[in-house]
Amino acid sequence: MGVIRAQPARVTDWAAKSVGAAWRAFDLQLMTYAALLVAVGLVMAYTNSVEGGAVPLEAGTTFTRGLMWAAIAVVVFVFATAFDYHWLKTLAWPIYGIQLGLLVLTLLIGDGIGGSARWIAIGPLTFQFSEMAKILMIIVLASYLSSRTRRLDSLRSILGACLLVGPPLALVMLQPDLGTSLVFGAILAGMLWMSGASLRWLAVLGAAAVAMVPFAWTYLLHDYQKERLASFLNAHPDLQGAGYQLNQAQIAVGSGGLVGKGLTNGTQTQGDFLPVQATDFVFATLAEELGFIGGVVLFVLFVLLLWRVLVAGWRSKDAFGTLFSAGVASMILFQLVVNVGMVLGVMPITGIPLPFVTHGGASLVSMAAGLGILQSINIRQRRAAW
Amino acid sequence: VTTYLDERPRPIRRVSRYVAFAMIALLAVGGLTARLFYLQVIDGGRFAALSARNRTVEEAISAPRGLIYDSAGRVLVTNVPTFAVKVRPADLPQAMRPQVVDRLAALLNLDPADINATIDSNPGSNFDLVRIAGDVDERVALLISEAGFELPGVEIAVEARRQYTYGPLLSQILGYTGPVSAEQLPNLRPLGYLPDDLLGKTGLEDEYETELRGTYGAQSVERDATGRQTQVLQTIAEASPGDSLNLTIDTKEQIYAEKALKWAMDEVGLKRGVVIVMNPQTGEIKALVSLPTYDDNLFAHGISNADYQALVEDPDKPLLNHAIQAHYPPGSTYKLVAGTGGLADRKISSSTELITKSYLTLGATKFYDWNRRGFGPCNIYCGFGHSSDTFFFQVAGMLGIDRLGYWGKQYGFGSPTGIDLPGEVSGIVPTNQWKQDALGEPIYPGETYQSGIGQGYDVVTPIQLINAYAALANGGTLYQPQIVHDIIGPDGKVVRPFEPKVLHEMDVPASVLKTMRNAARAVVELRHTYNLVELPIKVAGKSGTAEFGTRDKEGRLPFHSWFVGFVPKDAENGSFDRTDSNLVVLAFAYDSRTKGNVATEIVKYYLQQHYDIKKDYRLPNLLERGNFYQSN
């Protein structure tokens, strides 16, 4: 009785043979769309800096900090692209450990508004590790699922993935950060879906998640979170209280009209009627100042980006690449829909950033790392061995 | 059997899952696009309007309040620009309210609880400004306006504070302004009043509120989320300043009158007193003093609760204008009514002599004269001049209560004079009908006697009493007393000129009043008023001593003192046959209990100042306290 093993080639076999070859495989479109989205984010940071009455180019404004984070993001992107993504599979468990460690650290020493623990201060900068944790989660899940390529339709694979997502999700919930934990859920769902997991079991999993809702409402959600959700469901919310942000955001968006009021001319933004306009409600500023046309341009950029992310996964010769791309795509899509939906009044208010555009270092750097890994996947594909 | 284990990485490409993912993504983004299109393009106009309403508010431009001048053109009230701190509750997030209120309390030196109470008792809506403090120090105002985002919903407004030049001297006349109350607002809103507005609360500020206020303008203003004004977009309507008032009051005369009253009050230890000076030919009030009083500037600065409570709880009621807002028994001054009635109804003639004994008996009751010896046979000059009680008991008895009441009303008693100050009371003229309505029984004959000497049910206000003697002095015309001479528009043109207002002409022969005027002169000439006759000017008048309250251990009642006198046009040589007097003066001393009539001394001191009489005729020895009835 003999066993024939078809073993993977060694790591070095995948290495790009030359810089030229790597460059040809590099997805210029992916990078371009991402860069354009970052540029939109910087423009928004600029207009929001003007609102504060500051000179946008002075140190410490939203705009200059945005520029600095963009520079860091470029470095991270280049590094991630150069880094051979296969190592990530090898390093999956340590990465998982680091992810949990960062989240525990956040809980222990993090600062935040209203008693939540979300940010960690590093020197003059604050950093939200839960943003990093999303990318790390995608790596861990992609690694786990790709190691079970032949058993992906089994219940065990699904349960295993759920068990992996469980602890970080719980740690994020504890911060409390409902939005980010929902992103974890979306990443899990998207990756299981693309892995080809059994529809039957996915349906069971979905049903279980829905069944959890009353339990979560009673035991897991904080009062302010319930208030936001209630305000979303209520047709006549208290416009001075929980419904204030939403109402002002809708006025901002609606009053933007077809072409907007022009950059730095948004009365809602500049008059400070709009809360957290630089971060979670940045789309409201964009819609007010750049109008429907600006909004559609942003959507098109996101669709193009998602397309290139999915293409990277499609082209990947190994399951890890496919699954990683699925995770990144799910994350971007979910955050886009929830963030913009929130501003447009069709989703409840949760603190989920708009990828690339929201002013916030952790989100941008994480996205840069994710796209860098995707480029690494792009340039390290060889023709199939068979 | 050979097992084939392919451990090489395998691609997973599920076309269907990719297609499904792409469909979901496109559907989601398509949905967002549709929603965005709906909000911005289909429903955009509505939101644009909301956005405009968000940042533009229509604000009232307050009109400068009219000024007030005395008869000599002295400015009695001016407007001084001051800073006020206001809060728009809608712009003050509930979560931040405690810290904002605490900060304001510290800056303004107020109790946070008071600020909260002010905000909560805001008469307007949440979008209306609430006035937290007025007359705020400029540095504090600057600090607050620079605190910007730390104090959302807090605004600094420049507003005019009323500055009363003479303070307490004229407070009872001018009154003061104060914030609109929650009860008033619903009625005032249609008239253009704002919840944080000020309006006249009492005195002329109240009486002439409409004229003084002017017409507020309107402007649309752009503001940011904290409610701060960023720019004025357009003026919708210009504000038009209020009208100004020229008073009949002469501050110089007011000072004389107050000085005379204060002198006597200090000398005797009086608690309350009134002096009124009037021109009987026109009804113009030249001076009106009611003590104790208050400083209206205290109200203009925003009176503290403690200070206000102290004024309200003061037993001598400094907030009350005792000249018009309180009535007292008139005592012997009311003998004017019985005398006039007796003559006019031909019960007596100017030469009729009545026997004035020490007392009159009615049933088992003895009605004593103040002079226990009586005055013997007396005509009207003797009876009025000596103020004989038994003389007027008899005249009142002849007239009966209803005729006595008729003549009381002819002199204007029992109804407000209509003076242009708020809160005037009407006094009481007793008649059978009145007692039946008020007490359910008819007048007894003894009560008619008492009414004849102003000690029955009859009560009068000082302004009614001086107005009655003014009618006597001018030959029977009852004028409506006036404080405001004329009203001037912001352009300097006279909006309402002065004209005397006649309440009625008395239904009495001129000869009767001539007799009564000379009887009033007899009061002075018979030295009932001691040395008043020695003054180098001619004075006629009547004193009064009016008992009130409860008897002391020795059965004596406390009493008020009155004197009301008039001087002919030619003060030195004029005749009381004529009706040309242009000066009537009244003094009232509450609970005086002096040996002599202190009111006479007050009028004397006033006249000495008015006519610049160098010699001092005052008799301080009459002002000793003695709780008994010595002079009437």
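Residue numbering restarts at 1 for every chain, and letters A, B, ... go by the order of the sequence lines.
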- request: Answer yes or no: is there a side-chain heavy-atom contact under 4.5 Å between F302(A) and V29(B)?
  value: no
- prompt: Mind checking whether M194(A) and R13(B) have side chains closer than 4.5 Å, heavy atoms only?
  reply: no
message: Treating Q40(B) as the side-chain partner and F292(A) as the backbone partner, does any N or O pair qualify as donor plus acceptor under 3.5 Å?
response: yes
query: If only atom types and distance count, is the side chain of R17(B) paired as donor or acceptor with the main-chain N or O of A197(A) below 3.5 Å?
result: yes
message: Listing request: all salt bridge (Lys or Arg N to Asp or Glu O under 4.0 Å) pairs with a residue in residues 292-312 of chain A, at least two apart in sequence or in separate chains.
response: D27(A)-R308(A)
Any pair counted as salt bridge (Lys or Arg N to Asp or Glu O under 4.0 Å), so long as it reaches residues 134-143 of chain B, sequence neighbours left out: D135(B)-R161(B), D137(B)-R139(B)
Could you have a look at [options] and say which one has the most heavy-atom pairs with chain B under 4.5 angstrom?
options	value
G291(A), G260(A), S316(A), G196(A)	G196(A)
V340(A), L306(A), V300(A)	V340(A)
V296(A), V253(A), L258(A)	V253(A)

Quick one: [atom1] on [X] to [atom2] on [Y], what's the gap to the nearest 0.5 Å?
X	Y	atom1	atom2	value
L36(B)	L286(A)	CG	CG	9.0 Å
I24(B)	L333(A)	CD1	CG	8.5 Å
M347(A)	L32(B)	CE	CG	7.5 Å

task: Step through it carefully: locate the ring centre of W314(A), locate the ring centre of Y18(B), and say whether they are under 6.0 Å apart.
output: yes
Heavy-atom contact with chain B under 4.5 Å, split by part of [X]:
X	result
L310(A)	both
S330(A)	both
V337(A)	both
L298(A)	neither
L323(A)	side chain

- prompt: What residue in V41(B), I42(B), T33(B) has the most heavy-atom pairs under 4.5 Å with chain A?
  reply: T33(B)
Top of A28(B), A25(B), G31(B) for chain A proximity - count of heavy-atom pairs under 4.5 angstrom: A25(B)
Shortest non-hydrogen separation from L344(A) to R35(B) and the atoms involved: O-NE, 2.7 Å
query: Would the number of heavy atoms belonging to other residues, nucleotides or ligands and lying under 6.0 Å from CG of N305(B) be above 12?
result: no
Side chain / backbone / both / neither for L26(B) at chain A, heavy atoms under 4.5 Å: side chain
